[in-house]
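To start, the structure itself, in structure tokens.
We name chains A, B, ... by the order of the sequence lines, and we start the count at 1 in each one. Just so it is clear, the structure is predicted and the values come from calculations on it, not from any experiment.
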Amino acid sequence: MKLIKAIVRPNKVDDVKEALGRVSLSGMTVTEVRGHGKQKGHTAIYRGKEYDVSLLPKMEIEVVVADNMVDDAVAAIIQAARTGEIGDGRVFVIPVEQSYRIRTGERSEL
Amino acid sequence: MKLIKAIVRPNKVDDVKEALGRVSLSGMTVTEVRGHGKQKGHTAIYRGKEYDVSLLPKMEIEVVVADNMVDDAVAAIIQAARTGEIGDGRVFVIPVEQSYRIRTGERSEL
Amino acid sequence: MKLIKAIVRPNKVDDVKEALGRVSLSGMTVTEVRGHGKQKGHTAIYRGKEYDVSLLPKMEIEVVVADNMVDDAVAAIIQAARTGEIGDGRVFVIPVEQSYRIRTGERSEL
Amino acid sequence: MKTFAAAALLCLLFPVSVLRAQSSPQPSIPQPLSAQAASPQPSALSPSASQASQSDLAKLDQRVTAAQSSADNAWMLVSAALVLMMTGPGLALFYGGLVRQKNTLAIMMQSFALMALITILWALVGYSLCFGEGTPIIGGFSHVLLRGVGVDPNADYGGTIPQLTFMVYQLMFAIITPALITGATAERMKFSGTVMFMSLWFLFVYAPLAHMVWGKGGLLNATLGGTFPTLDFAGGTVVHITSGVSALVCALYLGKRQGYPKEPMPPHSLVLSFMGACMLWVGWFGFNAGSALASNGLATSAFVATHFAAAAATIGWLVAEWTTRGRPSALGAISGAVAGLVAITPASGFVTPMPALVIGLVAGVGCFLMVTWVKSLFGYDDALDAFGVHGAGGTMGALLTGVFATRSVQAVFHDAQGRALPVGWIDGNIGQIGYQIVGIGMAWAFALVGTIVLLKITDLVVGVRASEEQEIEGLDLTEHGEEAYNLEM
Amino acid sequence: MKTFAAAALLCLLFPVSVLRAQSSPQPSIPQPLSAQAASPQPSALSPSASQASQSDLAKLDQRVTAAQSSADNAWMLVSAALVLMMTGPGLALFYGGLVRQKNTLAIMMQSFALMALITILWALVGYSLCFGEGTPIIGGFSHVLLRGVGVDPNADYGGTIPQLTFMVYQLMFAIITPALITGATAERMKFSGTVMFMSLWFLFVYAPLAHMVWGKGGLLNATLGGTFPTLDFAGGTVVHITSGVSALVCALYLGKRQGYPKEPMPPHSLVLSFMGACMLWVGWFGFNAGSALASNGLATSAFVATHFAAAAATIGWLVAEWTTRGRPSALGAISGAVAGLVAITPASGFVTPMPALVIGLVAGVGCFLMVTWVKSLFGYDDALDAFGVHGAGGTMGALLTGVFATRSVQAVFHDAQGRALPVGWIDGNIGQIGYQIVGIGMAWAFALVGTIVLLKITDLVVGVRASEEQEIEGLDLTEHGEEAYNLEM
Amino acid sequence: MKTFAAAALLCLLFPVSVLRAQSSPQPSIPQPLSAQAASPQPSALSPSASQASQSDLAKLDQRVTAAQSSADNAWMLVSAALVLMMTGPGLALFYGGLVRQKNTLAIMMQSFALMALITILWALVGYSLCFGEGTPIIGGFSHVLLRGVGVDPNADYGGTIPQLTFMVYQLMFAIITPALITGATAERMKFSGTVMFMSLWFLFVYAPLAHMVWGKGGLLNATLGGTFPTLDFAGGTVVHITSGVSALVCALYLGKRQGYPKEPMPPHSLVLSFMGACMLWVGWFGFNAGSALASNGLATSAFVATHFAAAAATIGWLVAEWTTRGRPSALGAISGAVAGLVAITPASGFVTPMPALVIGLVAGVGCFLMVTWVKSLFGYDDALDAFGVHGAGGTMGALLTGVFATRSVQAVFHDAQGRALPVGWIDGNIGQIGYQIVGIGMAWAFALVGTIVLLKITDLVVGVRASEEQEIEGLDLTEHGEEAYNLEM
Ligand SMILES: Nc1ncnc2c1ncn2[C@@H]1O[C@H](COP(=O)(O)OP(=O)(O)O)[C@@H](O)[C@H]1O
Ligand SMILES: Nc1ncnc2c1ncn2[C@@H]1O[C@H](COP(=O)(O)OP(=O)(O)O)[C@@H](O)[C@H]1O
Ligand SMILES: Nc1ncnc2c1ncn2[C@@H]1O[C@H](COP(=O)(O)OP(=O)(O)O)[C@@H](O)[C@H]1O
């Protein structure tokens, strides 16, 4: 089992969700985050004081999938989230050792 | 050492915190997230335009614990967070290779 | 490749960002979280009803780095985020198996 | 929901039938309204004569009457606007900030819907039930569809302003009163149930009480021939006791919210509540000083008493909190202010400034105790403390009015020779306390009985309590299909 | 941006040149203003004589005129303040809550900048263009730099109040009208483009329309000698049709927002919109009842009509929504209220309360259909429904004014003997509908043509549409260098 | 905290002792207040005579006086409400949005607590110290506990309105002045320290200044016999210079916030600040136009000047910002508006519209420079720019009043024959600039010295600066036990 952690543009969440649905993955957890990378930020000025707004709004999508689904899932995410412009984001794959469903309390294979 | 990542209902955070306290785990980090799974969402309508509100508010609790504590911790979380209804959430266990305490700067075994 | 997950005080984000920049790491993802640990919380009272505000605002910084950068990155974070007071936070290192850049769609070594 | 749709249909239909009655010049508006003062009027003087004639004087006299009317009307229109502002945005924000995020729009929506709903009911029959001629308990149907309510003053109700002004001013009171109750039913009452219950409550609890206290010949009216002259300048009994006591009944009937009191349910945005409280404070000048129905010294006096009581109650609550809890809170400050405003409401047109401070202090400390101590003692879930503040504060205020009312502010009672008689206890009329108790008792009784009956009926017809799932997901999404904030994009 | 800087420079320079004209006592203010009423005035009576002399009476007469003026002035100053409050914070919040978070300050800023910008233009030439003597189409330059506008009343425009009061009251209307348009251009129009376009639009669309409808001798003026007597009490055509129709043109010209309609763009904070809507409702009393230009019965009548229409339209929209969508929403409630307020605007000084309810109901249901059905049918991106509410609601209201206007409220037309003639259809004058259509047509035509031309010019000079990147990042950061919320610290 | 508790106890006790004095009819309220105008009055005419008698006229004369009083009272009550609205919610929101989230309630709470606290002090001694008879420096104790302050007008202070109206109107000024200072001490001053310091400051800095400038026989009074006739229509020196300069002293005394200026401290919600600024603008009409103390042409003139200056200053700040920083910001727009409102305050009742535009422009650009350039030059931490806007803007305004004041607006000075003399420089009286400088100097001196002394005392008794840990955790939680937002549930 793997945890796929994708950082995408805020307006791509719906597309990613749909794309994952198409490969029969429906469980996911989404977090508002702010990201920094190659994408250039902005300068905010409040009464003459300048602030660097270099952490830009992104969304982090976490999906835990069975090992054999990883490639499909990653491909789906990348395709749905890509615009081709700097700032599109990353996908990381992290090992998961156990997984439980709270409702039933049992260890699940997803 | 493992990172236990539990996605639970928002109103269960306090219960989980208490339950973890009872097995002598007090450190934890909590994040507001939105989750999608089997639980059915809602439809919001703004001036006739419908939106799918299928990402429902959840809380993600992250606890890093020593290997021998994992089972106790998972059990405590599941028991505290369970309502038996769809939408109760998941618990994932992820390997952690190193852990540091910033205050002291030293590598810790928790 | 590793995911470095650092939980720091909210006002230390900028310092950590700078410190990582100095070791040539610019990519990162930041999340608002609330943490519980040794640091004592507060009591809030609303019309006589007391609430435990024991989850204090923290920021979680996630950086994925190549294996050989882990020590530098951890050192930089710890140095930048330390105040020496209880509540400084933690750094966890988690294995990452794969990493993709969405824009190009290719698997990256960062 | 069917019931509501039917009622709504009615609303959609009725006007067609009444247009004819309205389309021909109303007898009550014999002169075009604009004739009164919009254009510069010719001087009243006949320029040739050096002696002023009686007819010159008569013309001038009319112009003075018009000027006085314009002056009073200006104040009363402003007051009406201020009282509407108390409900929306005032109360809506005050309550909206106190609930959890997922119920924000639902509670604000209830205030807003009442602004619309009560207005319609008021135009149809409400005004008539309150201020039309009738029995000592309730007005009649003489003003149904606002028949006979035009720009001419009604001598009994604001003799210097158009009756239409009085009508719309009083309407604003009728709006806020049921809206106050929603503080007790917050986070768990269905919208359809709220709509139906509040409509009934307005007709069967508010209207009689308003008529009894303020209507000519009303049972409790102090100046227009009531049997038990109860002093209630701006609505301590009519508005605050009725709504507060009904709120308690609702809280008990509905039962506790899921998870109460174990789960924390902190106010989701005290900033909103703060704004709301400030607007309540400012708007309350219209509520109390406007109740003079003229822009005279009595209005000023009520204005001052209102402001002083709010200030003293704020201090009262804060000191109580600081002393017993170690820290004074913003929520305490604004709660105190509202408590003071509630308590001074019945007294505002009868007391001098210093007693107003006392009334405020008592209410501030008293309501603090109600909300922190009495509530947790009995364990009912009055979600936003509608009873603790309005019911309790209103009752304290009504009693203290009997203590501090003085003829130096308003000579309510006169002897046969027209000399002013003492009004309250401090003025030498201890008996007034008795009448105040009668008034208070009547308001409590009506509110208690009326609310139980009407809630039961509503429950049978459309239901009152939201489902468990709705409560957990929040009423915003499940009842209204919306979320208060969508910040993530 | 260069253009704007130049204009701004002009602003910085002009006053120097006009100070001299202003520094000597203006002919229009021959008496110090304070002489009027600030201190207690000596009695008008010569104490010795027992017969009142004509000169005593003359003195008294002057004092009555002063009192009447003070009364009306009090109401009009309040009304002016209320109308300003409609734009800021009212409209700014209403719109600010409806956009996505990243464009919040940008849209609010547009309202605020218009509060400043239009004020300057108004002082320089705007008032003169609207209310100075001129042709049937546009006023002249007689009041440029407010020459001749002092504390003396102008008999044509509020004969009992200082002309300065009328001037500043009308200014508030000129501010909100272009601000309404920003609802259609939201989230994608450049700030510089907005500033330039709105300046031009105010001069070349608003000013002529205001003059035609309200100016003496204006083509459509109903009481001061127009050729086509159109009834528009408080700005149904002048304010709402012009802004609403221009909004539609802007929406079409600018094109859709990136991602519209596929991407969800829910309102980022309905709480803000709710507050804004409440303030609009309250402020609208100043807008409509203030249009009586006096604190008389007509003001009261307009006040009541305004409130009733808002209430009925709220119910109308909610019932439509409940029926067709299954749930009544807070956004529906506040949208309905605004629709009702828009529709009653032209009618408010001509109709009795019951027809006001009808107008409100029609507007509530009508605008609901416009916004949910017509808009998605045609697919234009009127981001915040400026056309759907103001254009459509204003048009409905202007038409219905012709139906329900009655001389019992305001005797607009008279025969040779001075007897009041019927006003609207229901009053017996079906022909008025025709004039209303003429007025509506003129407003539509002016708004359509003027907006296209001025947008094109603006586009050529400074550009109107923000870049794709700006739109994605949000206008707050890219146009103004700010973020609405910085909550994380 | 002990000190505060003691003071509070005093508050709780005092009224008991004064009730007796208040309970018997006050000599100043010989007639019941309601007699004035609440009911329709019988015509003044004796119907039989055809010649008007002197006594008929006398009756009519009284009614005219009542009508004039009602008209002016309507405006003044509204103005009082507007000025209260400036503090809460206006200023509280404006400041509340500018701080970081963790200090939101703390700063808003300070404004609210001052609404309560200053009211109590005002009733006890404050009004008397400001407007009671006394020395040229401070009033006496003649009006302690509001003795002698009833519905009869006081000829010196608003001869047509109840003295109670004047009293409560002036109170609102006394509330906002110390509240302005909290902008400089934001995010680091203890609540107990704030309460104690502000109480002292009100008594020992505000009261003398108010008496000197506005009190009869005050040293700087221009119309009621002062030695140095300083022009300050609505409080440029009394309100803005005193608070602004004291703010600077506080900022220097307290020292910088932790992390200032290295750490970013962006405003947590410009939406709140925007709302607050709009309410300040609207409320300021009560502040300035209300200072005419009547609903006359002078009030209108001040209203117009106020609005024009706010608009011009907005433009001024925005253009300066656009030119030097490349982007105009919403925070710039609202800051500019407030700067303009501050600067026009002393001038509003003395200048014609065009000079008002000039004053606004100067203040807009000037305060922009203060806040962006001068502040960073000197490096003091005036957290929310209370000095940069109020101190600097107030000083500019007070000076420019001396330049632009003209007898055509208000004839302040007269020669022996009662002819109006020139008022400001442009009117031909260059010497007025000198008096303005005296007034400004006096206000600066009082504020500087008074604030240092009182801060030191407060520091010794209860302490002024919050602990480092409190500052990091935020004052909301540590001082008040609350959080502004609890959005996660
Ligand atoms: N090394 C990293 N660790 C964690 N998150 C990263 C890392 N690099 C990039 N990100 C995330 O990916 C987002 C996009 O990265 P960026 O470099 O701006 O664009 P792109 O990936 O298209 O080159 C960032 O805003 C950040 O949230
Ligand atoms: N595969 C997954 N990866 C990540 N998060 C998941 C996954 N499946 C479920 N979740 C999280 O668990 C929550 C509950 O899941 P759901 O299927 O609705 O209920 P249940 O687990 O009780 O069947 C979801 O809202 C989501 O946050
Ligand atoms: N076991 C843990 N798992 C996850 N997060 C932790 C854990 N222990 C501590 N934290 C995070 O680190 C933060 C600081 O910890 P705390 O014990 O208060 O201070 P310190 O690390 O300086 O002793 C906590 O608020 C929490 O967010």
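- Pairing each heavy atom of F/Met109 with each of D/Ala333, the nearest pair is SD-CB, 3.9 Å.
- Only the side chain of F/Val168 comes within contact range of chain D, with heavy atoms under 4.5 Å apart.
- With a 4.5 Å cut-off on side-chain heavy atoms, F/Asn73 and D/Thr300 count as touching.
- F/Leu164 contributes atom CG, which lies 11.0 Å from atom CG of D/Leu298 (distance to the nearest 0.5 angstrom).
- Counting heavy atoms from C-beta outward, D/Thr314 and F/Phe112 have side chains that approach closer than 4.5 Å.
- Note that the CG atom of D/Leu357 and the CG atom of F/Leu124 stand 7.5 Å from one another [nearest 0.5 Å].
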Could you tabulate the donor-acceptor pairs under 3.5 Å formed by side-chain atoms of residues 325-332 of chain D, not counting sequence neighbours?
from	atom 1	to	atom 2	distance (Å)
D/Arg325	NH1	C/Gly48	O	3.2
D/Arg327	NH1	F/Leu477	O	3.0
D/Arg327	NH2	C/Thr43	O	2.6
D/Ser329	OG	D/Glu321	OE1	3.0
D/Ser329	OG	D/Glu321	OE2	2.9
D/Ser329	OG	D/Gly332	N	2.8

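- Proximity to chain D (any heavy atom under 4.5 Å) is restricted, for F/Leu93, to the side chain, taken from C-beta onward.
- Interface residue D/Ile334: backbone and side-chain heavy atoms are both found under 4.5 Å from chain F.
- With chain D as the partner, the residue from F/Leu77, F/Thr87, F/Val78 showing the most heavy-atom pairs under 4.5 Å is F/Leu77.
- Contacts between F/Leu171 and chain D at a heavy-atom distance below 4.5 Å involve the side chain alone, from C-beta outward.
- Minimum interatomic distance between D/Val282 and F/Ala81 (heavy atoms only, all atoms of both residues): CG1-O, 4.0 Å.
- Across F/Leu82, F/Ile118, F/Leu84, the residue that shares the most heavy-atom pairs under 4.5 angstrom with chain D is F/Leu84.
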Can you list, pair by pair, the side-chain donor-acceptor contacts under 3.5 Å of residues 266-280 of chain D, counting residues two or more places apart and other chains?
from	atom 1	to	atom 2	distance (Å)
D/His268	ND1	D/Gly96	O	3.2
D/His268	ND1	D/Val99	O	3.0
D/His268	NE2	D/Thr104	OG1	3.4
D/His268	NE2	D/Tyr485	OH	2.8
D/Ser269	OG	D/Leu272	N	3.3
D/Ser273	OG	D/Phe94	O	3.0
D/Ser273	OG	D/Leu98	N	3.4

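- The minimum heavy-atom distance between D/Ala71 and F/Ala67, with the atom names listed, is CB-O, 3.9 Å.
- Note that CZ of D/Phe303 is 8.5 Å distant from OG1 of F/Thr165, once rounded to the nearest 0.5 Å.
- If you tally non-hydrogen atom pairs under 4.5 Å between each of F/Met76, F/Met108, F/Met85, F/Glu479 and chain D, the highest count goes to F/Met108.
- Residue F/Ala80 touches chain D through both its backbone and its side chain, counting heavy-atom pairs closer than 4.5 Å.
- Contacts with chain D were tallied for F/Gln110, F/His480, F/Met115; F/His480 has the most, counting heavy-atom pairs under 4.5 Å.
- Contacts of F/Glu483 with chain D are made by backbone atoms alone, with heavy-atom separations under 4.5 Å and no side-chain atom involved.
- Contact of F/Glu482 with chain D is made through the side chain alone, with heavy-atom distances under 4.5 Å.
- Atom CD1 in F/Ile120 sits 5.5 Å away from atom CD1 in D/Ile315 (nearest 0.5 Å).
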